[in-house]
Protein chains: 2
Amino acid sequence: MRDGSQTREKIDRTAMRLFVEKGIAETSVRDIAAGAGIAEGTLYRHYPSKEELAWQLFVVNFTAIGATLNELQRAEKTIHAKLDAIIRHFCSVFERDAVTFNYLFLARHRHMLRLTPRQPNPYLVFRSVVREGMAHGEIPKQDLDVATSMVMGLILQVIDARILGRRIPQDVETLADTLIQASYRVLNI
Amino acid sequence: MRDGSQTREKIDRTAMRLFVEKGIAETSVRDIAAGAGIAEGTLYRHYPSKEELAWQLFVVNFTAIGATLNELQRAEKTIHAKLDAIIRHFCSVFERDAVTFNYLFLARHRHMLRLTPRQPNPYLVFRSVVREGMAHGEIPKQDLDVATSMVMGLILQVIDARILGRRIPQDVETLADTLIQASYRVLNI
DNA sequence: CACACAATAGTGAACGCTCACTCACTTATT
DNA sequence: AATAAGTGAGTGAGCGTTCACTATTGTGTG
């Protein structure tokens, strides 16, 4: 039998790029097929629907980042080191694969609620790091979800500003350091 | 001649609500007309197209908030007082009219680039407050857009968490205080 | 005060078009 | 020969928009 894995990858890459460029609803199956150099029907050999394609692109990449963040976090001992590691990884993912990052950012409201608590989830990794820090007395007691949201927010909004084309001139390394220091200050550590 | 202002308001409120609930592309003109209790054609007496309706809903509300923030900011002298005033207003707008806030949050990527620098803009108000603070030595020198993004991010993400249904238990007053203090710390003041 | 009028608001069936998706068929691989 | 991948014209549903028509209301005229 034939091997369709290359075709599938072409579909994934093209769809994600177009979804980011034009939006999910504004991208037609024809657009994706044309961009990937395949027939429309071929897409349906790999995904049962456009909606399922969008969902799979989200959940696979989102949980992959969540899983990596969790491993990185577990490998460190102090809250400082954990935060440092996961924020640095966040920045490097954005730099290495901006399209994927953009897509997760764009599709998050649409798909977030469909995630089960069991699936690895970047937000929950940050949350558990902050909770652990508070339990060990490394972070002053405060509302857990507010604190986590503030940290995630300051990171995401800077990345979003880059996406929107505002002048964020620094290279990723410097940016990561800035974001890490800012996170420490927000959490009061 | 007849007065269509009530109809227009019904269109605006219904469209904004449905856009937030289902997304812009996923909301049809039929949906809006049915929700507002009018005929489809009536919408076109008030807006030339669905796209223009979405744009007007964005630009009118976005610039209104921007203008108010700017007045509030100008009425204060210190950077602390300015930040306090605009963050507090941000929180109260969300509380008073969550649908509008949600819509602006949702539609921002789609419409942001169409705004001219002349139109009042919440982001630019925050930016000019931070810039002024750095010019007067109240805020340590740092990258302007990174600093502004971090402050906006920590605020928006907390509001976003509430939208997404995470447990953000506190009332708006307490929340505003927390966000203001966190902003001071991020900016190193 | 009655009446004609102009101007705008409101209507909803109809239109052309694009969409996601299907299916009978062909091609490639084991 | 069996199996899965790839094809693309075809389909019907749903979309945004139009337009000929009706309803309402303020204004000028006698």
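Below, each value reflects all heavy atoms present in this structure, side chains not excepted, and no hydrogens, waters or symmetry copies. In what follows, every chain begins at residue 1, and chains take the letters A, B, ... in the order their sequences are listed. On a predicted model such as this, the values are computed, not experimentally measured, just so you know.
Residue A/Ser28 places none of its side-chain N or O atoms closer than 4.0 Å to OP1 or OP2 of C/dT18. Residue B/His46 places none of its side-chain N or O atoms closer than 4.0 Å to OP1 or OP2 of C/dT8. Residue A/Thr42 places no side-chain N or O under 4.0 Å from the OP1 or OP2 atom of D/dA5. Between D/dA5 and A/Thr7, no contact under 4.0 Å exists linking OP1 or OP2 to a side-chain N or O.
Identified under the ring pair (Phe, Tyr, Trp, His ring centres under 6.0 Å) test for residues 126-169 of chain A, with sequence neighbours left out: A/Phe90-A/Phe126. For residues 140-157 of chain A, the side-chain hydrogen bond (donor to acceptor under 3.5 Å, both in side chains) pairs, not counting sequence neighbours, are A/Tyr123-A/Asp145, A/Tyr123-A/Ser149, A/Arg127-A/Asp145. Legend: ring pair (Phe, Tyr, Trp, His ring centres under 6.0 Å) pairs involving residues 146-178 of chain B, not counting sequence neighbours: none detected.
Backbone-only engagement by B/Thr27 is indicated by non-hydrogen atom pairs under 4.0 Å involving sugar-phosphate atoms exclusively.
Whole-Å rounding puts the A/Tyr47 OH to D/dG6 P distance at 13 Å. A/Glu9 has its CD atom 15 Å from the P atom of D/dA5, to the nearest Å. At whole-Å resolution of the value, CG in B/Leu43 and C1' in D/dG16 are 10 Å apart. One interatomic measurement links the two molecules: CD1 of B/Ile32 to C1' of C/dG12, which rounds to 17 Å at whole-angstrom precision. Rounded to an integer number of Å, the gap from CD1 of B/Ile38 to P of D/dT17 is 14 Å. For the pair A/Arg8 CZ and D/dA4 P, the computed distance is 15 Å after rounding to whole Å.
Contact check on B/Glu21 versus B/Arg17 returns a salt bridge, with a Lys/Arg side-chain nitrogen under 4.0 Å from an Asp/Glu carboxylate oxygen.
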Any chance you could list the contact pattern along nucleotides 21-29 of chain C? Use B for base contacts, S for sugar-phosphate-only contacts and - for none, protein heavy atoms under 4.0 Å, 5' to 3'. BB-B--BBB

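Residues satisfying the ring-ring contact (aromatic ring centres under 6.0 Å, His included) criterion with A/Phe62, sequence neighbours excluded, are A/Phe58. Under the rule for a ring-ring contact (aromatic ring centres under 6.0 Å, His included), the partners of A/His80 that lie at least two apart in sequence or sit in another chain are A/Tyr184.
Checking A/Asp12 against A/His46 by side-chain atom types alone, no donor-acceptor pair falls below 3.5 Å.
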